[in-house]
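Atom set for the values below is all heavy atoms of this structure, side chains included, hydrogens, waters and symmetry mates excluded. Both counts, for ligands and for their atoms, begin at 1 and track the order of listing.
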Amino acid sequence: MEETTEIRGVADRYDRIIDYLRISITDRCNLRCVYCMPSKGVPLLRHTALLTYEEILRTVRIAACLGVRKIRITGGEPLIRKNLSWLIASIHRVPGIEDISLTTNGLLLLDTIGALSSAGLTRINVSVDSLIPERYAEITRGGSLDKVLAGIRRAAELGIRPIKINMVPIRGVNDDEIMAFARLTRDTQYDVRFIEFMPTGANDFWSPDRVVTTDQIMQRVQELGALSPIRHRKDGPARYYSLAGAQGVIGFISPISHHFCGSCNRLRLTSDGKLRPCLFSETEIDLKSAMRRGAPDSELERLLRLAIEVKPQAHTLTSTPLVRDRRPMSAIGG
Ligand code: SAM
Ligand code: SF4
């Protein structure tokens, strides 16, 4: 990637430096995880409502001029959108972008990771919520754990680092596997991140008693040994630790039990081209309509700055009564 300007991010009203853009490239998915979607799926956007790759790229270029340095591609399931390696290669060439990563369910990883890696993808997060094939198929409503694990192994062979496994522990569903996932960081080079189960828009499966809090997850992990904190990254919502002798690290993401908003450095671009200052706030700024009206770059830059300006200090996920998002996580980009 080319060298560029020294600017890193734009400071928001609360002195957070926003240098990270998460982009949902599709609201479609080849799985129906119980914690994310109802079995019949969610209402889908029309294809023409999705941002084109050119529109995404234009947004990335303008964001990079404002100091955005990191891009994450997500969805929906990003690997089902065609020619993703073209998009990754194009983003890789945008001056200022230092890091491109992907969040995926991994089902199509085996066939796609070679091209993505050649295009410049260096890091992946793969969602795996059970290491028991039958249970994995139940949670995802039909996914094949073998395929996902084969894809992860291929990514490791290709030198993709880090490979982070995202797991959402749900009481009575998969929380008995917390230790097995933590053990992966000893037995393999993979990092594991435990994400608290969140009440996102489209699932009725969430209830407070199904949430396993970070403190409870940590307690179980510590049955394997003491956890040493790691100053892994200075930004982002995860807190990282490691077990003695482990190659991988263990991250905890705690939107429910601990507000992580003070270290939030990100903006989101939804699959239909709305800027979302916060995953949990319905405030959206319509970049796509501006682009399709023919707005110049200066206008898009103003909208990006506006999104940063209105970024809330903290989310309201734990407020009572709970206000649910009307849009599914797959459209916003988890
Ligand atoms: N399809 C890709 C995947 O599954 O990794 C990317 C999109 S998915 C919406 C992004 C992340 O959101 C995944 O790690 C998934 O586990 C997480 N997620 C979805 N619904 C969630 C929920 N209700 N609570 C916590 N995490 C959730
Ligand atoms: Fe699809 Fe990812 Fe949601 Fe599972 S978590 S249904 S893979 S978008």
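Less than 4.0 angstrom separates some heavy atom of T74 from each of these atoms of ligand 1: 6 (C), 7 (C). When each atom of ligand 2 is checked for a heavy atom of N105 under 4.0 Å away, the hits are 7 (S). Residue-ligand proximity, C36 to ligand 2, at heavy-atom distances under 4.0 Å covers atoms 3 (Fe), 5 (S), 6 (S). Atoms of ligand 1 found under 4.0 Å from any heavy atom of G76 (numbered from 1 in listed order, with element): 1 (N), 2 (C), 6 (C), 7 (C). Remark: ligand 1 atoms within the under-4.0 Å shell around heavy atoms of E77 are 1 (N), 2 (C). Heavy-atom contacts of E196 reach the following atoms of ligand 1: 24 (N), 25 (C) (cutoff under 4.0 Å). Of all atoms in ligand 1, listed by their number and element, those nearer than 4.0 Å to a heavy atom of T104 are 2 (C), 3 (C), 5 (O).
For the pair R186 (side chain) and L224 (backbone), a donor-acceptor distance under 3.5 Å is present.
A salt bridge is absent between R58 and E54: the closest approach of a Lys/Arg side-chain nitrogen to an acidic carboxylate oxygen does not fall below 4.0 angstrom. For D286 and K288, the salt-bridge test fails: no basic side-chain N is under 4.0 Å from an acidic carboxylate O.
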Requested in this report: Apply the test side chain to side chain donor-acceptor pair (under 3.5 Å) to residues T74 and R72: give CA-CA distance (whole Å), side-chain angles for both, the deciding distance (0.1 Å), then the verdict.
Outcome: CA-CA 6 Å; T74 181; R72 176 169 295 278; over 6 Å; no

**Report entry** Step-by-step side chain to side chain donor-acceptor pair (under 3.5 Å) determination, T188 to Q247
**Finding:** CA-CA 7 Å; T188 69; Q247 305 173 59; over 6 Å; no

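With a cut-off of 2.8 Å, atom 4 (Fe) of ligand 2 has an N, O or S atom of C33 in range.
At a heavy-atom cutoff of 4.0 Å, ligand 1 is contacted by no atom of V126, backbone or side chain. Under 4.0 angstrom from ligand 1, the non-hydrogen atoms of T103 come from both its backbone and its side chain.
Applying the side chain to side chain contact (heavy atoms under 4.5 Å, CB included) criterion to P296, with sequence neighbours excluded, gives S298, E299.
Among G41, G75, C29, the residue whose heavy atom sits closest to atom 1 (Fe) of ligand 2 is C29.
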